[in-house]
Amino acid sequence: MEHIRYGILSTSSIAPRFIAAVREAEAGEIAALSSRSLEKAREKAAEWDIPAAYGGHQALLDDPAVNTVYISTVNAQHYPWARAALEQGKHVVCEKPCTISAAATRELFRLAREKGLFLMEAEKMLFLPAVEAVRDRIQRGELGRIHMAEFRHSFPAAYNGWMYDEAAGGGPLLSSAIYVMELVLWLFGGIRRCGGLATPMGNGVEAQYVLSGETESGVLFTAQNSTLAMLQNGARIYGEKGWIDLPDYWKARRAVFHIQGRAAETMEFPCEHELVYEARHIAECLWAGRLNSPVVTEELSVAAISVLEEIREAWRRTLPGA
């Protein structure tokens, strides 16, 4: 693929960050933008310096100048628009979670293979140098065997209105625990079991949760997320010889290593746009003619959403108001 020409499907809050990252990385051209409203599309296209604006997502998919679509709609709309883009012959980068079910995720990857098109779930976290440094030092055995990990994440309730709409695929579990599951899978391998408790809002969406789980390699992990309380955001990974702190793990620019017998060591990775590493990886995959990312694989995307799907089903059966 010689030149990547992105169509940005949605004017969501993450869209301008992805656009800025693509431009900083020189990893493609932003050719078009769509919104449900033509007025909104034109406003954002002018603000973000994008040449074409469409008041409807199908119009963007019909644009022959677009060969790659970046989807950042509400969670429940990822599947239908990713499928429509693939059917239209476009490569697809879809924000996390790729879809809200394992079956739908598998279906998209099957369709992409059938069409000979690239498909990747946009999981920026796994490309961050701070996260890569953590994985490298774990694999080198600097902490000995890893036994436990904990993850904490909070954000204000007004962050995104659709987050509290079940029909939109809202709730912090889908939007935040996907980070935890994919990081656990990437660092430690398969997840044997996971469950937890949530505070339901009475409309099918949770306001906060606490999860606990175990990997197939025996690592125990916990995850907390709240829109009600302010948590100390970050991750901590515990091994036989010490621990690692990863502040704001989903957008980490820093990792702190506490290894027995050594002074604490901080590794800093400052950057303006944390999505730049992901944007560069996508471009390298497309330029190489790959159909999938070797990092955010189909297997990883399916495994992560499978865990969250099971948790959501358990909450529907057991939590009042869920």
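In this view, D62 satisfies the salt bridge (charged side-chain N to carboxylate O under 4.0 Å, His left out) rule with no residue, not counting sequence neighbours. Legend: residues meeting salt bridge (charged side-chain N to carboxylate O under 4.0 Å, His left out) with E114, ordered by chain and number and at least two apart, are R110. Residues satisfying the ring pair (Phe, Tyr, Trp, His ring centres under 6.0 Å) test with H281, not counting sequence neighbours, are F127. Remark: Y277 pairs with no residue by the ring pair (Phe, Tyr, Trp, His ring centres under 6.0 Å) rule, at least two apart or across chains. Remark: E216 pairs with no residue by the salt bridge (charged side-chain N to carboxylate O under 4.0 Å, His left out) rule, at least two apart or across chains. For R236, the salt bridge (charged side-chain N to carboxylate O under 4.0 Å, His left out) test picks out D245, with sequence neighbours left out. The side chain to side chain donor-acceptor pair (under 3.5 Å) search around S10 returns none, not counting sequence neighbours. Remark: Y6 engages no residue in a side chain to side chain donor-acceptor pair (under 3.5 Å) (not counting sequence neighbours). For H91, there are no ring pair (Phe, Tyr, Trp, His ring centres under 6.0 Å) partners two or more places apart in sequence or in a different chain.
Taking 4.0 Å as the cut-off between side-chain N and carboxylate O, R290 and E284 do not count as a salt-bridged pair. Ion pairing between E313 and R316 holds under the 4.0 Å rule for side-chain N and carboxylate O. With respect to E274 and K251, no salt bridge is recorded, no charged nitrogen being found less than 4.0 Å from a carboxylate O.
Atom CD1 of residue I191 and atom CZ of residue F221 lie 4.5 Å apart, to the nearest 0.5 angstrom. Residue W186 holds its CH2 atom at 5.5 Å from CG of L126, rounded to the nearest 0.5 Å. Residue S301 holds its OG atom at 8.0 Å from CG of L119, rounded to the nearest 0.5 Å. Here the straight-line distance linking atom CD of Q88 with atom CZ of R83 works out to 13.0 Å at 0.5 Å rounding. Separating the CD1 atom in I146 from the CD1 atom in I138 is a distance of 4.5 Å, to the nearest 0.5 Å. In this structure, the separation between SG on C194 and CG on L211 is 5.0 Å, given to the nearest 0.5 Å.
The side-chain hydrogen bond (donor to acceptor under 3.5 Å, both in side chains) analysis of residues 18-31, with sequence neighbours excluded, yields the pairs H3-E29.
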Stepwise salt bridge (Lys or Arg N to Asp or Glu O under 4.0 Å) check, R193 with E214
CA-CA 6 Å; R193 53 184 173 174; E214 179 187 20; 2.9 Å; yes

For the pair H78 and I100, evaluate side-chain contact (heavy atoms from CB on, under 4.5 Å) and give the outcome as yes or no after the intermediate values.
CA-CA 8 Å; H78 288 181; I100 60 174; over 6 Å; no

Please determine whether side-chain contact (heavy atoms from CB on, under 4.5 Å) holds for the pair L183 and W250, giving the CA-CA distance in whole Å, both sets of side-chain angles, and the decisive distance to 0.1 Å.
CA-CA 9 Å; L183 186 53; W250 65 95; over 6 Å; no

Determine whether F151 and V184 satisfy the following criterion, side-chain contact (heavy atoms from CB on, under 4.5 Å), listing intermediate values before the conclusion.
CA-CA 10 Å; F151 304 87; V184 167; 3.8 Å; yes

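The aromatic rings of Y249 and H153 lie perpendicular to each other, with more than 60° between the two planes, well past the 30° mark.
Remark: side-chain polar atoms of T105 are not paired, donor with acceptor, to backbone N or O of C98 under 3.5 angstrom. At least one donor-acceptor pair closer than 3.5 Å links the side chain of S12 to the backbone N or O of S72.
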Return a table of donor-acceptor pairs under 3.5 angstrom between the side chains of residues 41-51 and protein atoms on other chains or two or more places apart.
unit_1	atom_1	unit_2	atom_2	d
K44	NZ	E47	OE1	3.3

Taking only distance into account, with no hydrogens and no angle test, what donor-acceptor pairs under 3.5 Å do side-chain atoms of residues 171-182 form with protein atoms, sequence neighbours excluded?
unit_1	atom_1	unit_2	atom_2	d
S175	OG	N75	ND2	3.2
S176	OG	N225	ND2	3.3
Y179	OH	K96	NZ	3.4

